[in-house]
S.K.: 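Could you have a look at this structure, given as structure tokens, before my questions?
Protein chains get the first letters and strands the later ones, always in sequence-line order, with residue 1 at the start of each.
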Amino acid sequence: VFISNSLVRLYAKSGSLHDARQVFDDISVRNVVSWTTMITAYAQAGLGETALSLYGQMELEMDPNAVTFVSALKACAIVGALDKGKKIHNKIIQDAVVLDVVLETALIDMYGKCGSVAEAWSVFNQMSSRNVVSWNAMIACCAQNGNEEVSLELFQQMREEDVEPDMVTYVSVLNACSGTGALSVGKFVHSCIISGGYELDCIVGNALIDMYAKCQSSECARQVFDSMLVRD
RNA sequence: CCCAUAUCUAA
């Protein structure tokens, strides 16, 4: 079973979902990891509905665990299934599943993508420990729901709490600047990016160009473009 | 690291 599980994951990672499913179907005695791996494969491929339907099948046979919930929540986030996501959250509480930072972040992401910002805040505020991914999820949640200003405040707050921003943080924050035309904040973020040594990354560079362009500063956009070593 | 898990991306 361990080998089959690994094989499922390997096929899924290389994009052969059908092969992955074939291996999964051929496992005679599936364990919780088998199910979780297959559900994760669908969720990571963006096939939320498929992931959720497999999750439904799994529930008939065995109890999901914390890792399964993470992928099921991601599937809910993809399809915007708020009700299903809330059901899973309730089950997590009922089963007294230990909330770790990954599960809590998955909850924030699900609520954010389903438009339930208040619920996302509730989870975020009650977290025992937050890492850079949790902050990123909350920043994205605000930005995706039209609260770009709050995203920028969160960025400031995470820096005050000595959490080191990463490339995902910067791309999200730059997009928030683009959306609101916040050129001065954008320039400050640009300086942080240089301090962090992220200015050479292509995706970060694209986000910088986009930010400057939308903030009416085509000069700076051009400068960033010219300084990029890798372009796409 | 230990079979599986979360966050960003232009038009």
S.K.: Taking the minimum atom-to-atom distance to the side chain of A:Val168, which one of B:rU9, B:rU7, B:rA4 wins?
M.R.: B:rU7
S.K.: Kindly indicate, with the supporting measurements, whether the criterion salt bridge (charged side-chain N to carboxylate O under 4.0 Å, His left out) is fulfilled by A:Lys87 and A:Asp83.
M.R.: CA-CA 6 Å; A:Lys87 275 185 194 158; A:Asp83 289 344; over 6 Å; no
S.K.: Using whole Å, report how far CE of A:Met62 lies from C1' of B:rA4.
M.R.: 13 Å
S.K.: If you look at every strand shown and take non-hydrogen atoms under 4.0 Å, does A:Asn65 touch a base, only sugar-phosphate, or nothing?
M.R.: base
S.K.: In whole Å, I'd like the distance from the CG atom of A:Asp166 to the P atom of B:rA6.
M.R.: 15 Å
S.K.: Please determine, for the side chain of A:Arg9, which listed nucleotide (B:rA4, B:rC3, B:rA6) has the closest atom?
M.R.: B:rA4
S.K.: Taking only N and O in the side chain of A:Lys113, is any of them less than 4.0 Å away from OP1 or OP2 of B:rC8?
M.R.: yes
S.K.: Consider the side chain of A:Gln144, meaning its heavy atoms from C-beta on, and name the nucleotide among B:rA6, B:rU9, B:rC3 that approaches it most closely.
M.R.: B:rU9
S.K.: Do A:Asn65 and A:Thr68 get their side chains close enough for a donor-acceptor pair, meaning under 3.5 Å?
M.R.: yes
S.K.: Side chain of A:Asn131, base of B:rA6: donor and acceptor closer than 3.5 Å?
M.R.: yes
S.K.: Ignoring hydrogens and geometry, is there a side-chain-to-backbone donor-acceptor pair from A:Asp95 to A:Val97 under 3.5 Å?
M.R.: no
S.K.: Of all the choices, B:rC8, B:rA10, B:rU7, which nucleotide is nearest to the side chain of A:Lys214 once you look at every atom?
M.R.: B:rA10
S.K.: Answer with base, sugar-phosphate or nothing: what part of the nucleic acid does A:Thr37 contact at a heavy-atom distance below 4.0 Å?
M.R.: sugar-phosphate
S.K.: Atom CG of A:Leu73 and atom P of B:rA6: how far apart are they, to the nearest Å?
M.R.: 12 Å
S.K.: Can you check the A:Ile108 CD1 to B:rC8 C1' distance for me, whole Å?
M.R.: 15 Å
S.K.: Which part of the nucleic acid, if any, lies within contact of A:Ser172, taking any heavy atom under 4.0 Å across all strands shown: a base, the sugar-phosphate backbone alone, or nothing?
M.R.: sugar-phosphate
S.K.: Atom CG of A:Leu208 and atom C1' of B:rA10: how far apart are they, to the nearest Å?
M.R.: 13 Å
S.K.: Give one of base, sugar-phosphate or nothing for A:Gln44, where a contact means two heavy atoms less than 4.0 Å apart.
M.R.: sugar-phosphate
S.K.: Picking from B:rC3, B:rA10, B:rC8, which would you name as closest to the side chain of A:Asp109?
M.R.: B:rC8
S.K.: Among B:rC3, B:rU7, B:rU9, which nucleotide has an atom closest to any side-chain atom of A:Ile203?
M.R.: B:rU9
S.K.: Whole Å only: how far is the CE atom of A:Met138 from the C1' atom of B:rC8?
M.R.: 15 Å
S.K.: Is the closest side-chain donor-acceptor distance between A:Ser53 and A:Glu49 under 3.5 Å?
M.R.: no
S.K.: What is the distance, rounded to the nearest whole Å, between atom CG of A:Asp232 and atom C1' of B:rA10?
M.R.: 9 Å
S.K.: NA contact type, A:Ala140, heavy-atom cut-off 4.0 Å: base, sugar-phosphate, or nothing?
M.R.: sugar-phosphate
S.K.: How long is the line joining CD1 of A:Ile139 and P of B:rC8, in whole Å?
M.R.: 12 Å
S.K.: Using the P atom as the point on both nucleotides, what is the distance between B:rC1 and B:rA6, in whole Å?
M.R.: 15 Å
S.K.: Treating A:Ser195 as the side-chain partner and A:Ser191 as the backbone partner, does any N or O pair qualify as donor plus acceptor under 3.5 Å?
M.R.: yes
S.K.: Do A:His89 and A:Phe69 have ring centres separated by under 6.0 Å?
M.R.: no
S.K.: Side chain of A:Thr40: nearest nucleotide among B:rU9, B:rA4, B:rA10?
M.R.: B:rA4
S.K.: Checking all strands, does A:Asn175 fall into the base, sugar-phosphate, or nothing category for heavy-atom contacts under 4.0 angstrom?
M.R.: sugar-phosphate
S.K.: Can you tell which of B:rC3, B:rU9, B:rA11 lies closest to the side chain of A:Val33?
M.R.: B:rC3
